[in-house]
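Worth saying up front: this structure is predicted, and the values here are computed from it rather than measured.
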Amino acid sequence: QVRLVESGGGLVQEGGSLRLSCTTSGLKFDDYAMGWFRQFPGKEREGVACINWRGDITDYTQSAKGRFAISRDNAKNILYLQMNNLNANDTAMYYCASGLGGPLSDYCAAHWFKDWGQGTQVTVSS
């Protein structure tokens with residue numbers, strides 16, 4: 001059974017940093033693309049950052065570029081998201097997911113990802 005567990009969320013002031021982790025089990029981690037997604041109240045889940053199985057292809061939503069960094073440790077089966085210079089617009093529930101990823105033009109779209117964690121809340125106070 002595939003299990004994805006996010007951690008590292010919390011309350012942080014604007015300009016602060018958080019590092020999210022996604023611990024996985026039940027899948028051959030290095031066979032899959034992985035992604036971080038977030039969901040704002042009343043909105044659909046959106047891709048924040050995705051990474052291919054080898055870690056040499058990444059894709060970021062525009063607002064995350066230059067501030068967030070996705071990485072993976074295939075030896076430990078863990079996915080990370082380093083988030084710097086956070087602002088109030090980053091407040092959301094953050095989810096990790098595994099899947100095949102899409103074509104490069106659509107790599108980090110949620111419909112390409114099959115298994116999901118329960119999420120971790122990130123709240124940025126202004």
Side-chain angles (χ1 to χ4, degrees):
Q1 182 180 357
V2 176
R3 191 160 181 248
L4 308 176
V5 180
E6 302 93 338
S7 61
L11 175 64
V12 64
Q13 289 189 329
E14 277 199 329
S17 298
L18 285 174
R19 188 194 197 201
L20 305 184
S21 298
C22 174
T23 303
T24 73
S25 60
L27 79 165
K28 192 172 184 302
F29 185 69
D30 57 6
D31 273 356
Y32 291 93
M34 297 294 297
W36 287 101
F37 299 79
R38 63 188 177 188
Q39 190 164 21
F40 304 107
K43 297 289 180 74
E44 289 190 0
R45 208 166 286 187
E46 68 172 31
V48 176
C50 294
I51 189 168
N52 73 330
W53 67 274
R54 196 164 51 189
D56 59 350
I57 296 175
T58 57
D59 185 32
Y60 294 89
T61 191
Q62 187 62 38
S63 65
K65 289 178 181 176
R67 299 188 301 129
F68 294 4
I70 188 170
S71 62
R72 63 189 297 159
D73 186 332
N74 285 351
K76 296 181 179 178
N77 298 343
I78 301 177
L79 176 73
Y80 300 102
L81 184 68
Q82 178 67 42
M83 303 190 294
N84 299 325
N85 195 21
L86 286 159
N87 61 62
N89 293 327
D90 297 314
T91 295
M93 184 71 80
Y94 284 71
Y95 300 88
C96 70
S98 64
L100 298 178
L104 287 180
S105 60
D106 191 35
Y107 193 77
C108 203
H111 55 259
W112 297 114
F113 291 80
K114 175 173 156 298
D115 292 300
W116 295 80
Q118 293 298 306
T120 185
Q121 177 68 37
V122 171
T123 302
V124 184
S125 64
S126 56

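- Using a 4.5 Å heavy-atom cutoff, the side chains of W112 and L100 are not in contact.
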Run the side chain to side chain contact (heavy atoms under 4.5 Å, CB included) test on K114 and Y32 for me, step by step, so that the C-alpha distance in whole Å, both residues' side-chain angles and the decisive distance to 0.1 Å come before the verdict.
CA-CA 10 Å; K114 175 173 156 298; Y32 291 93; over 6 Å; no

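- One finds the CD atom of Q118 at 9.0 Å from the CZ atom of R3 (value rounded to the nearest 0.5 Å).
- The heavy-atom pair separating C50 from F113 by the smallest distance is SG-CZ, 3.8 Å.
- Within the 4.5 Å cutoff, the side chain of F68 has heavy atoms near those of the D90 side chain.
- Grouping the Ile, Leu, Val, Met, Phe, Trp and Tyr side chains by contacts below 4.5 angstrom, directly or via other members, places M83 with L79.
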What verdict does the side chain to side chain contact (heavy atoms under 4.5 Å, CB included) test give for S98 and L4, after you've listed the backbone C-alpha separation in whole Å, the side-chain angles of each residue and the deciding distance to 0.1 Å? CA-CA 8 Å; S98 64; L4 308 176; 4.2 Å; yes

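- The distance from the OG atom of S125 to the CG atom of L86 is 10.5 Å, given to the nearest 0.5 Å.
- For F37 and W116, the gap between ring centers is short of 6.0 Å.
- Side-chain atoms of T58 never come within 3.5 Å of backbone atoms of I51 as a donor-acceptor pair (strictly under, hydrogens ignored).
- I78 and W36 fall into different hydrophobic clusters, defined by Ile, Leu, Val, Met, Phe, Trp and Tyr side-chain heavy atoms under 4.5 Å apart, directly or through other members.
- Between the side chain of N74 and the backbone N or O of W53, at least one donor-acceptor pair lies under 3.5 Å.
- Listed for the N77 side chain is no donor-acceptor partner under 3.5 Å among the backbone atoms of F29.
- Note on Y60 and Y95: separate hydrophobic clusters, where clusters join Ile, Leu, Val, Met, Phe, Trp and Tyr whose side-chain heavy atoms are under 4.5 Å apart, directly or indirectly.
- Between A33 and Y107, the closest heavy-atom pair is CB-OH, 3.4 Å.
- Between the CD atom of Q13 and the OG1 atom of T123 there is a distance of 13.0 Å, given to the nearest 0.5 Å.
- Between the side chain of E6 and the backbone N or O of C96, at least one donor-acceptor pair lies under 3.5 Å.
- Looking at Q121, its side chain never comes within 3.5 Å of a backbone N or O of G9 through a donor-acceptor pair.
- Taken to the nearest 0.5 Å, the CD atom of Q82 stands 6.5 Å off from the CZ atom of R19.
- Across A92 and R38, no two heavy atoms sit closer than the pair CB-CB, 3.9 Å.
- Of the listed residues (L11, L20, L81), just one forms a side chain to side chain contact (heavy atoms under 4.5 Å, CB included) with V122, and that residue is L20.
- Inter-residue side-chain proximity for I70 and M34 is flagged as unmet; no heavy-atom pair is nearer than 4.5 Å.
- Under the 3.5 Å distance criterion, the side-chain polar atoms of D106 are left unmatched by any main-chain donor or acceptor of A109.
- In this structure, R72 contributes its side chain and G55 its backbone to no donor-acceptor pair below 3.5 Å.
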